[in-house]
Amino acid sequence: MTIKLLAIGKTDNKQLQHLIDEYTKRLGFYIGFDLDIIPDLKKVKNLSEDQQKQKEGELILNKLKPTDILILLDENGKQFDSVGFSNYLQKHMNSGVKQVVFVIGGPYGFSPEIYAKAQGKISLSKMTFSHQMVRLFVIEQLYRGFTILRNEPYHHR
């Protein structure tokens, strides 16, 4: 199994990008991982929220393979503690799926087509975080999940 994280827009904070790179490198010791950035839309001032979600949705769908399992990072998704999330990862690995794709949407969320295609939704918190920080949090939690599955000392129980 491989994991892909799709996100809209680049990270312009160098310190945050350094941490994202660090955890991406760490995660690579456990599983094939790819962070795929979809460029920000141009001329969004001329678009409604729904039009922006629609255009971002098309870009997301173009990045998916028919066999991918699509999991949305969504405020209304299921919340896990870290051990529960590691078990969630293990279930996907046991299922024989080739690739799980986690998606961080744009500022207004996802289009109806993306919601319809998704096989799951996860919420990191009831709080709102910047999209750039969510990338770091997801990658760190993926890394933490694999250290839990391997009984390594990173996560303290």
Inset, instruction - Applying side chain to side chain donor-acceptor pair (under 3.5 Å), run through D12 and Q132 and close with a yes or a no. - result: CA-CA 8 Å; D12 50 14; Q132 293 182 16; 3.0 Å; yes
Any heavy-atom pair between the side chains of [Y] and [X] that's under 4.5 Å?
X: Y143; Y: T24; answer: no
X: K121; Y: Y115; answer: yes
X: V134; Y: L124; answer: yes
X: S86; Y: R150; answer: no
X: F85; Y: I148; answer: no
X: K117; Y: L64; answer: yes
X: L89; Y: N87; answer: no
X: L72; Y: I122; answer: no

On the 0 to 90° scale, with breaks at 30° and 60°, tag the [X]-[Y] ring pair as parallel, tilted or perpendicular.
X: H92; Y: Y88; result: perpendicular
X: Y154; Y: Y23; result: perpendicular
X: Y30; Y: F146; result: parallel

Legend entry - Flag if over 12 foreign heavy atoms under 6.0 Å of CD, Q119: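 More than 12 within 6.0 Å, yes.
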From [X] atom [atom1] to [Y] atom [atom2], the distance as rounded to the nearest 0.5 Å:
X: T147; Y: F29; atom1: OG1; atom2: CZ; value: 13.5 Å
X: K42; Y: K55; atom1: NZ; atom2: NZ; value: 13.5 Å
X: E75; Y: S123; atom1: CD; atom2: OG; value: 7.5 Å
X: Q54; Y: L41; atom1: CD; atom2: CG; value: 11.5 Å
X: E22; Y: H18; atom1: CD; atom2: NE2; value: 6.0 Å

Got a salt bridge between [X] and [Y], using NZ or NE/NH1/NH2 to carboxylate O under 4.0 Å?
X: D68; Y: K65; result: no
X: E49; Y: K53; result: no
X: E140; Y: R144; result: yes
X: K63; Y: D36; result: yes

Is there a continuous path of hydrophobic side-chain contacts, each under 4.5 Å between heavy atoms, that joins [X] to [Y]?
X: L73; Y: L6; value: no
X: F102; Y: M133; value: yes
X: L19; Y: F137; value: yes
X: M93; Y: I139; value: yes

Inset, instruction - Take Q99 and T2, measure what side chain to side chain donor-acceptor pair (under 3.5 Å) needs, and give me the verdict at the end. - result: CA-CA 5 Å; Q99 181 166 256; T2 61; 3.1 Å; yes
Legend entry - Chi angles and distances behind the side chain to side chain donor-acceptor pair (under 3.5 Å) call for N94, Q90: CA-CA 6 Å; N94 292 348; Q90 185 68 62; 2.9 Å; yes
Inset, instruction - Please say which of V100, V101, I3 ends up in a side-chain contact (heavy atoms from CB on, under 4.5 Å) with I69. - result: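 Running side-chain contact (heavy atoms from CB on, under 4.5 Å) over V100, V101, I3 with I69 returns exactly one hit, V100.
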Legend entry - Stepwise side-chain contact (heavy atoms from CB on, under 4.5 Å) check, I8 with D40: CA-CA 6 Å; I8 307 277; D40 283 314; 4.0 Å; yes
Between [X] and [Y], a side-chain donor and acceptor under 3.5 Å:
X: D50; Y: Y108; value: no
X: Q141; Y: S82; value: yes
X: Q17; Y: D21; value: yes

Legend entry - Test log, rule side-chain contact (heavy atoms from CB on, under 4.5 Å), inputs D34 and L5: CA-CA 6 Å; D34 180 35; L5 176 60; over 6 Å; no
Inset, instruction - State whether the side chain of S125 and the backbone N or O of M127 hold a donor-acceptor pair below 3.5 Å, judged by distance alone. - result: yes
Inset, instruction - Report yes or no: does H131 contribute a side-chain atom to a donor-acceptor pair with the main-chain N or O of I104 at less than 3.5 Å? - result: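 No; judged by distance alone, with no hydrogens or angles, the pair does not exist.
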Inset, instruction - Please lay out, stage by stage, how V103 and I71 fare under the test side-chain contact (heavy atoms from CB on, under 4.5 Å). - result: CA-CA 6 Å; V103 182; I71 309 295; over 6 Å; no
Inset, instruction - In sequence, state the C-alpha distance, the side-chain angles, and the governing distance for I37 and L35, and then conclude on side-chain contact (heavy atoms from CB on, under 4.5 Å). - result: CA-CA 6 Å; I37 304 300; L35 174 58; 3.9 Å; yes
